Amino acid sequence: LSIRNERSSWLNFIDYIIFLKRNRHYRFYLLSHICQHIGDWYVRISSLLVLDRLAPESATAVSVLILVRTIPQIFFSQLGGVLADMVDRKKMMIALDLIGSIVTLC
């Protein structure tokens with residue numbers, strides 16, 4: 001049973017690689033998301049480093065920073081789920097990427 005599952009997971013991986021080779025637009029989209037997530041982590045780490053310089057060894061400041069980043073995600077993920085069911089996915093992806101770009105530039 002485990003050999004079959006291992007083999008099917010490798011086949012899925014190979015199928016995914018073939019899919020990436022054939023779809024140039026998806027490769028660029030995937031690359032943009034990888035870069036975005038790397039940038040998000042740089043911002044998270046640099047925020048913690050700046051916070052450590054401004055308020056050394058302050059657990060309260062770190063907790064507030066984590067709460068300020070987490071609470072909007074909790075609320076907006078619920079709204080995003082509702083919108084994902086109501087709106088065309090392609091249009092929503094484009095709109096959210098544009099909004100994210102504008103926010104990043106500001």
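Source: prediction; values computed, not measured. Keep in mind that the numbers below use all heavy atoms, side chains included, and drop hydrogens, waters and symmetry copies.
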Are [X] and [Y] grouped together when hydrophobic residues (ILVMFWY) are joined by side-chain heavy atoms under 4.5 angstrom apart?
X	Y	result
Phe76	Met86	yes
Tyr42	Leu48	no
Phe13	Leu20	no
Val50	Leu65	no

*Linking Ile, Leu, Val, Met, Phe, Trp and Tyr by side-chain heavy atoms under 4.5 Å, what else ends up with Leu49?*
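Other cluster members: Ile45.
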
*Which residues, ordered by chain and number, are linked to Leu98 in its hydrophobic cluster, where ILVMFWY side chains connect at heavy-atom gaps below 4.5 Å, directly or through other members?*
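Members besides Leu98, by chain and number: Ile94.
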
If you round to the nearest 0.5 Å, how far is [atom2] of [Y] from [atom1] of [X]?
X	Y	atom1	atom2	result
Leu51	Ser46	CG	OG	11.0 Å
Ile74	Leu79	CD1	CG	14.5 Å
Ile18	Asn23	CD1	CG	11.5 Å
Ser32	Arg27	OG	CZ	13.0 Å
Asp40	Arg69	CG	CZ	8.0 Å

*What about the rings of His33 and Tyr29, do their centers lie closer together than 6.0 Å?*
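Yes - the distance between ring centres of His33 and Tyr29 falls below the 6.0 Å cut-off.
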
*Of all the heavy-atom pairs spanning Ile66 and Thr70, show the shortest one and how long it is.*
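Taking every non-hydrogen atom into account, O-OG1, 2.7 Å.
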
*Return yes when atom CD of Gln73 has more than 12 non-hydrogen atoms of other residues, nucleotides or ligands closer than 6.0 Å, and no otherwise.*
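Yes.
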
_side chain to side chain contact (heavy atoms under 4.5 Å, CB included) evaluation trace for Met92 with Asp88_ = CA-CA 6 Å; Met92 187 171 67; Asp88 180 35; over 6 Å; no

_Between Ser47 and Val43, is the side chain to side chain contact (heavy atoms under 4.5 Å, CB included) condition met? List the steps._
CA-CA 6 Å; Ser47 297; Val43 169; 4.1 Å; yes

*Quick one: list whatever passes ring-ring contact (aromatic ring centres under 6.0 Å, His included) with Tyr26, sequence neighbours left out.*
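So Tyr26 forms a ring-ring contact (aromatic ring centres under 6.0 Å, His included) with Phe19.
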
*Are the side chain of Arg89 and the backbone of Ala84 linked by a donor-acceptor contact shorter than 3.5 Å?*
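Absent.
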
